[in-house]
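Atom set for the values below is all heavy atoms of this structure, side chains included, hydrogens, waters and symmetry mates excluded. We count ligands from 1, going down the list as the structure has it; atoms in each ligand are counted the same way. By convention here, the first residue in the shown sequence is residue 1.
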Amino acid sequence: MIYHFGLTGFPLGHSLSPCIHRAALRSTGLAGDYKLFPLQSGSSFEQLLLLMRQGDLHGLNVTIPHKQTVVSLVDLVSHTVRMTGAVNTLYLREDRLVGDNTDVAGFMTDLHEKIGSSIPRRKAIVLGAGGAARAVAIGLLSAGWQVVVSARKPLQAQVMRDQLRPWAREGYLETTGQEETEINSVIGECGLLVNATPAGMAPNLFDDPLPPAVELPEDLALYDLIYNPQETLLMRRFRQESRPAFNGLGMLVEQAALAFELWTGVPVSRADLWKAVDQPC
Ligand code: NAP
């Protein structure tokens, strides 16, 4: 069998997904390809979904701006999609188109690998209230963490809180703004800061989502979902003061590996995928 996989979203020019999935094919010895299907916001998915329903496309990744739109276009969604309201992986099972989300497990697996149980306080402040922030918050809440969502638009954070509330224990999900005083009022209780905004991502290398005068606890760890660049301004700020800081490459690799395994049923070596992102391909 020759597998046909792909990624849709916009823009896709700098995506590492083709590199990772081609490495997964090589590593598992399966024959196939991974193509990009750029589709701008408002474009129709019909053609792509038809390819999937016909069995001509065996797996599709979905990224910005379509992760939410696609939820209503599939026949079945996973529990993770019901919680996050976002799909990043599509496949066909018994003639039914299934929407899944591997970002949640991708983030939690990598977070666990990076920080283990060394975090002093299982309370996290998550910057941003978009699709990635939802995946992060659901992962943390499901693992028993307390979560504070911090967004520059208060209404956006409240909408996210209302959507996630059914999955959160009483008192485990709060919201705040992104002003210095608002963050200072909660950050002292947190053991982890997650940047789920694009602030600091190329080409906006000098953007920092955290106001400069925020008082960071000495042992606060940072997980920045950005992977381009591999060290953001925010990460540098943490490392300069000897705080642990990790980028989003591990999450990217893990969510891709999980999608590949859903599509093929074949386990893939993470080490082989890491080699693919470490070298230009
Ligand atoms: P999204 O749905 O567009 O949400 C972005 C969020 O960040 C929104 O709340 C937005 O608020 C906020 N934001 C944007 N610019 C900001 C700034 N300069 N300062 C403060 N807040 C800002 O995007 P997403 O899908 O959640 O992705 C967010 C980031 O995560 C991106 O960098 C993406 O590459 C990364 N990501 C990484 C992985 C991985 O595997 N490592 C997976 C998914 C996403 P406004 O509405 O106010 O702009």
Chemist: Contacts table for ligand 1: protein N or O within a distance under 3.5 Å of ligand N or O, distances only.
Modeler:
from     : atom 1 : to     : atom 2 : distance (Å)
ligand 1 : 2 (O)  : Gly131 : N      : 3.1
ligand 1 : 9 (O)  : Ala129 : N      : 2.9
ligand 1 : 9 (O)  : Gln156 : OE1    : 2.8
ligand 1 : 11 (O) : Gln156 : OE1    : 3.4
ligand 1 : 15 (N) : Arg152 : NH2    : 3.3
ligand 1 : 26 (O) : Gly131 : N      : 3.2
ligand 1 : 26 (O) : Ala132 : N      : 2.8
ligand 1 : 40 (O) : Leu252 : N      : 3.3
ligand 1 : 41 (N) : Leu225 : O      : 3.0
ligand 1 : 41 (N) : Gly248 : O      : 2.9
ligand 1 : 46 (O) : Lys153 : NZ     : 2.8
ligand 1 : 46 (O) : Gln156 : NE2    : 2.9
ligand 1 : 47 (O) : Arg152 : NE     : 2.8
ligand 1 : 47 (O) : Lys153 : NZ     : 3.3
ligand 1 : 48 (O) : Arg152 : NH2    : 2.8

Chemist: Are Phe107 and Tyr223 near enough that their ring centres are under 6.0 Å apart?
Modeler: yes
Chemist: Apply side chain to side chain contact (heavy atoms under 4.5 Å, CB included) to the pair Ser15 and Leu7, showing each step before the final yes or no.
Modeler: CA-CA 9 Å; Ser15 174; Leu7 168 69; 3.3 Å; yes
Chemist: Can you pull the side-chain hydrogen bond (donor to acceptor under 3.5 Å, both in side chains) pairs that have at least one residue in residues 183-209, sequence neighbours excluded?
Modeler: Lys123-Glu189, Asn195-Thr197, Asn195-Asp224, Asp208-Arg237
Chemist: Considering only NZ, NE, NH1 and NH2 on the basic side and carboxylate oxygens on the acidic side, decide whether Arg93 and Asp75 come within less than 4.0 Å.
Modeler: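 Between Asp75 and Arg93 there is no salt bridge, as every charged N stays at least 4.0 Å from the carboxylate O atoms.
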Chemist: Check the surroundings of atom CD in Gln158: do more than 12 heavy atoms from other residues, nucleotides or ligands lie under 6.0 Å from it?
Modeler: yes
Chemist: Could you tell me whether Phe5 and Trp263 have their ring centroids closer than 6.0 angstrom?
Modeler: yes
